[in-house]
Amino acid sequence: MHPIRRLPAIDGNPGWFETSPSRHTPLGKRLTGDTHFDFAIVGAGFTGVALARRLAELHPQASIALVEALEVGQGTSGRNAGFIIDVPHNVDGGDAGAEHDRQLYALNTTAIERLRRLRDQYGIDCAWHDAGKYMSAHEARHVGALERFAAALNAAGFPSEFIEGQGLARRLGTGYYRAAVYTPGNVLVNPAALVRGLAASLPESVTLFSSSPVLGCEHGAHHTLRFAHGSLRAERLTLTVGSFSEAFGQARNRVATLFTYASLTEPLTQAEAAEHFPEVRPWGTTSAHPAGTTVRFTPDRRLFVRNTFHYQPALRTREAHLHEARDQHRRSFEARFPALAGKAFAYTWGGLIGMTLNHHSVFRHEGDNLYAVAGCNGVGVAKGTYLGHYMAEYMSGLHSAELGFILANSQPTWIPPDPLRKVGATLRLRRELAGAGGEI
Ligand SMILES: Cc1cc2nc3c(=O)[nH]c(=O)nc-3n(C[C@H](O)[C@H](O)[C@H](O)COP(=O)(O)OP(=O)(O)OC[C@H]3O[C@@H](n4cnc5c(N)ncnc54)[C@H](O)[C@@H]3O)c2cc1C
């Protein structure tokens, strides 16, 4: 039995989960006793729930177990910035060219429409907002990156708007940014509420086990998973555990995991909103610099800030890192919203981003009916949704142009193991942070 030594933890106080309307609705049960299923999926993030739904559609008679270490929505899928991104930005698309970008766009928009249908069908209350997305720059030296982004969007035929100066300040309620590229198709959500709603509305053939960390696994003609108070045997096993794949002995030396951190304020009062955000609609911006700050003004009038990275091979953050991140969030917040300097953060948390060197994801059959999906490169709400969907089709022997594209783009390049990985990640982070300046 292969022991799983690194397990997910809560890593601070995850604000989206805590403010999710379904927070107190029981979801799933603890795994106890010895159980047997046709399919088992480990990891109930966006990838795992999409895979479970599509498998249930394709195999209506099969029994499917979806297993999650934490409560659904407490994992990375519920800790992110809540952008469901349609246009591949520089994090995901790389320099692969306009045709490649168009194919990613088609997959992303199909995923968004699938999520929208499910939200409508099941009335998922997740602060869904068709807000679009800004990518913004504070410093003149970073406006060039925006111009290159706008040119790439133009070449691929995606709609966008370049906004500068006062016009931008009026739309955001802050004069901090010099310029931005606005793309209209992005959706903003409370991601914890969305992933919980998706898990709660899975077909009856899917049994959800929450607060049930897998502690060991054994592969062969059957797969056996060991838990604190029971076991699960399955004919076919898929790991959708994101940054924890290596702990299961899979996707070795392909995905580099980094902690990044977020804070969410208390809601602004009506008076604060009227004074500082007159006629400003909720918005979200990423940064023109890869190490820059993501900011949101939410529909319930909170401000969200995300920045700071740490390489942490134990896959758990430390109290000192959370403090460091919260202090940086405070500085970034006050630079953008000086008039709201006294507004406290109600929540600060950390989460893991799984990055691959060439932006490809892990999407593969490991052999013996064992499959793995990982490495969503910071865009996993849409990407995990389509990779999970197509993994079910791949496991079922279906073929399509979309699946062919995914398979052709699922060859992540080798990254060295520790201690070299740590050295490489630390040097890269140091270089990126030094270049980011006022974008943080
Ligand atoms: C702060 C932050 C901001 C981000 N912002 C965005 C954004 O705005 N938009 C976007 O698209 N992406 C964003 N991302 C990335 C996004 O969250 C991920 O790409 C996405 O969560 C990947 O989904 P997943 O289902 O593949 O994996 P995960 O969400 O990591 O799900 C894997 C699940 O497996 C579970 N698991 C692990 N080990 C075990 C075990 N032993 N037993 C049982 N269960 C286990 C975990 O608890 C977890 O819930 C952000 C990430 C962070 C950290």
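Residue numbers start at 1 and run along the sequence shown. We count ligands from 1, going down the list as the structure has it; atoms in each ligand are counted the same way. Computed from a prediction, not measured in an experiment: that's the story for all the values here.
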Among all protein heavy atoms in this structure, tell me which lies nearest to [atom], with the distance rounded to 0.1 Å.
| atom | answer |
| --- | --- |
| atom 50 (C) of ligand 1 | Asn80 CB, 3.1 Å |
| atom 53 (C) of ligand 1 | Gly351 C, 3.3 Å |
| atom 5 (N) of ligand 1 | Ala81 N, 3.0 Å |
| atom 9 (N) of ligand 1 | Phe83 O, 2.8 Å |
| atom 35 (C) of ligand 1 | Glu68 OE1, 3.4 Å |
| atom 42 (N) of ligand 1 | Val214 N, 2.9 Å |
| atom 21 (O) of ligand 1 | Ser77 OG, 3.2 Å |
| atom 34 (O) of ligand 1 | Gly43 CA, 3.2 Å |

Which option out of Ala111, Ser211, Ala69 puts a heavy atom nearest to atom 44 (N) of ligand 1?
Ala69
Given Asn377, Thr240, Val67, identify the one with the heavy atom nearest to atom 32 (C) of ligand 1.
Thr240
Ion pair present between Arg428 and Glu432, side-chain N to carboxylate O less than 4.0 angstrom?
yes
Check this for me - ligand 1, Gly380, N or O atoms closer than 3.5 angstrom, yes or no?
yes
In terms of relative ring orientation, are Trp16 and Trp349 parallel, tilted or perpendicular, with 30° and 60° separating the classes?
perpendicular
Would you call the rings of Phe337 and Phe277 parallel, tilted or perpendicular, taking 30° and 60° as the class edges?
tilted
Centroid-centroid under 6.0 Å between [X] and [Y] rings:
| X | Y | value |
| --- | --- | --- |
| His138 | Tyr177 | no |
| Phe363 | Tyr390 | no |
| His310 | Tyr261 | yes |
| His321 | Phe259 | no |

Using a 4.0 Å heavy-atom cut-off, say whether Arg79 meets ligand 1 through its side chain, its backbone, both or neither.
backbone
Determine which pairs satisfy ring pair (Phe, Tyr, Trp, His ring centres under 6.0 Å) with at least one residue from residues 189-209, sequence neighbours left out, and list them in order.
Phe37-Phe209
Trace of the side-chain contact (heavy atoms from CB on, under 4.5 Å) decision for Arg53 with Val206:
CA-CA 8 Å; Arg53 187 178 302 278; Val206 181; over 6 Å; no
Near Ile353 (heavy-atom distance under 4.0 Å), the atoms of ligand 1 are 51 (C), 52 (C), 53 (C)
Determine the sole option in Thr47, Leu104, Ile112 for which the side chain to side chain contact (heavy atoms under 4.5 Å, CB included) test with Tyr386 is passed.
Leu104
[X] touching ligand 1 at heavy-atom level, < 4.0 angstrom:
| X | value |
| --- | --- |
| Gly75 | yes |
| Phe259 | no |
| Ser243 | no |
| Gly378 | yes |

